[in-house]
There are 2 protein chains.
Amino acid sequence: MEVKNGRSISTRRYPCEKCPLRPLPAFRPFTSDELAFISQFKKGELTVAKGSTVLIEGTHSAHLYTVLFGWGFRYKLLEDGRRQVLNYVMPGDMIGLQGSIMGEMEHSVEALSNLMLCVFERDELYALYRKFPSLAFDITWLAAREECMLDENLLSLGRRTALERAAYLLAFIESRAASVGLNGGKSPVEIPITQTHIADTLGLSLVHTNKTLRKLANRKLIRWLERSYVILEPEALREIARWSGSDGAPRPLV
Amino acid sequence: MEVKNGRSISTRRYPCEKCPLRPLPAFRPFTSDELAFISQFKKGELTVAKGSTVLIEGTHSAHLYTVLFGWGFRYKLLEDGRRQVLNYVMPGDMIGLQGSIMGEMEHSVEALSNLMLCVFERDELYALYRKFPSLAFDITWLAAREECMLDENLLSLGRRTALERAAYLLAFIESRAASVGLNGGKSPVEIPITQTHIADTLGLSLVHTNKTLRKLANRKLIRWLERSYVILEPEALREIARWSGSDGAPRPLV
DNA sequence: CGTTGACTTGACCGTCTTCAAGTTTAGTGG
DNA sequence: CCACTAAACTTGAAGACGGTCAAGTCAACG
């Protein structure tokens, strides 16, 4: 095993046939043909340490990844350092697709926890399109889903108040995390992010974010716990944000 | 010709072989095979009158469109009527893909000018994936491009000031419009939107948007002209927004 | 045991919102 | 052709929401 920059490439501990994600109800069932193709499409596993950067804005990447375990986030920077978190990445999410298709990464990705990724070759993506149209369709599906999430985030930043935004963000992350078993069996989901991350997601200052989260905590909708948030009442948060929630229909997993 | 709700379906005045968009340098060249397939994929043309709604959030659509002429915008609403404009659509942009793939539309689309659309059948999309992997790849390309634009818009809403946001938005629209000849040959691009649209895009109030645009107009970077804005100095706007601009590499057109 | 990163809290200030009252322009019907 | 209306834009004033500044506490870490 090779270790560098908080990254290490391991042998394949999780063959696709024994993928821990695939059996979850959140994902659509796959045919054995599809599974066999994905299995040879997958080149290995990459472990990224908490806090290190997976992909960097402005660079080219020879790889494409799917998250197997852990949390991360996508972000962009302004020249003077202002940072905007665009979305969070969780198990089942593909990262690096935009860079694979358009050439250069337009955003960066950082690990919020230790992260395990399935590694694919960018150069083989086109072969997938030629040989497995159903998987190609799935990849477009994933891109459309990401677009949907970004649309909702834009609505949030543009038109929701600070309290609504915070409620939306936490309810949103909770629902995604719960659907892929990120709570690890425990019922209230625990999100490993700092208030700085939340502030950079909501487009608010750190100070104001702190005061806003306190309001939610005072109402006992969330709880603070050693550098992470626990979501106690996702339903109440959704109501504050006036968010109906996402549909939860099974989605593809590549 | 049938007319209903400001919509009319015409015979095919623009066969794909004589597509006015395709020769533009903004689009990648296509093989004759691809062109032939797209030509039979296209079912007709739809004309939508300025101000009418093309697609509605929460509904299912049997169609998928590509914009041939004109301007429009995608938006989402909050229950109480707050509106967020997500992005603008211009010639060469595909609309309704998200709904075609995921079933239900998660946003609405409205025409800013009279709009002419190429109409495709949602049900034939999968056949395209089976028969023309190169076009399937192109569709993913377009989805990735949309994602890129949304990321930049999120950065803008979250981390740019009102003046920077306005400058970014106008420079952004200008560069997209210019690349597809929406200026109609005239050098400064004229954007047919109201200040209400701009406000709903920037996440600002109408009053503050008005005052912010005035600052840009006072510096002679933009000019107001009969219910539309003229962009005089895109370069200066980009500098205010600290935006480097998009790459301008040829993109696919389906 | 000093340093660092994360969180907290209060005070003050400015950007942006809201309210209110206008003007101008385009469209409509008498 | 003109009065009427609605939509879009404009402007000023007051106030709220959120930002910035400053000075803390606390836990983890070498």
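Just so it is clear: chains get the letters A, B, ... in the order the sequence lines come, proteins before strands, and each one is counted from 1. Worth knowing before you read on, the calculation uses all heavy atoms, side chains too, and leaves out hydrogens, waters and symmetry mates.
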Rounded to whole angstroms, how far apart are CZ on Arg159(B) and P on dG18(D)?
13 Å

Starting at atom CD1 of Ile198(B), determine the distance to atom P of dT10(D), rounded to an integer number of angstrom.
10 Å

So what does Gly51(A) hit on the nucleic acid, given a heavy-atom distance under 4.0 Å: a base, only sugar-phosphate, or nothing?
nothing

Asp200(B) CG to dT17(C) P: how many Å, rounded?
11 Å

Could I get the full list of ring pair (Phe, Tyr, Trp, His ring centres under 6.0 Å) partners for Tyr65(B), not counting sequence neighbours?
none

Assert yes or no for the condition that the ring centre distance of Tyr229(B) to Trp224(B) is strictly below 6.0 Å.
yes

Hey, can you pull the residues of residues 211-223 of chain B with a non-hydrogen atom under 4.0 angstrom from DNA chain D?
Lys211(B), Arg214(B)

Below 4.0 angstrom, N of the basic side chain to O of the carboxylate: do Glu152(A) and Lys76(B) qualify?
yes

Considering just the side-chain nitrogens and oxygens of Asn210(B), establish if one lies under 4.0 Å of OP1 or OP2 belonging to dT10(D).
yes

Test side-chain contact (heavy atoms from CB on, under 4.5 Å), reference Leu154(A), set Thr201(B), Val85(B), Leu157(B), output is Leu157(B)

In whole angstrom, what separates Arg165(B)'s CZ from dT15(C)'s P?
13 Å

Looking at every strand, decide which applies to Ser205(A) at a 4.0 Å heavy-atom threshold: base, sugar-phosphate, or nothing.
base

Find the distance Leu206(B):CG to dC9(D):P and express it as a whole number of Å.
7 Å

Look at the side-chain N and O atoms of Gln195(A) and state whether any lies under 4.0 Å from the OP1 or OP2 oxygen of dG5(C).
no

Establish, yes or no, whether a centroid distance under 6.0 Å links the rings of His107(B) and Tyr75(B).
no

Using only atom types and a distance under 3.5 Å, with no angle test, would you say the side chain of Ser113(A) pairs donor to acceptor with the backbone of Trp71(A)?
yes

Whole-Å distance separating the NE2 atom of His208(A) from the P atom of dC12(C)
19 Å

Mark up nucleotides 25-30 of chain D, 5' to 3', with B wherever a protein heavy atom is under 4.0 angstrom from a base atom, S wherever such an atom reaches only the sugar-phosphate, and - elsewhere.
------

Does a side-chain heavy-atom distance below 4.5 Å link Met90(A) with Val67(A)?
no

Rounding to an integer number of Å, can you tell me how far Leu225(A) CG sits from dC7(C) C1'?
14 Å

Does the Arg159(B) side chain pair with the main chain of Arg83(A), one donor and one acceptor, at a distance under 3.5 Å?
yes

Check every atom of dG10(C), dT17(C), dC9(D) against the side chain of Leu204(B) and return the nucleotide holding the closest atom.
dT17(C)

Starting at CD1 of Ile191(B) and ending at C1' of dA8(D), how long is that distance when rounded to a whole Å?
17 Å

May I ask you to say whether Glu110(A) pairs ionically with Lys50(A), meaning some side-chain N is under 4.0 Å from a carboxylate O?
no

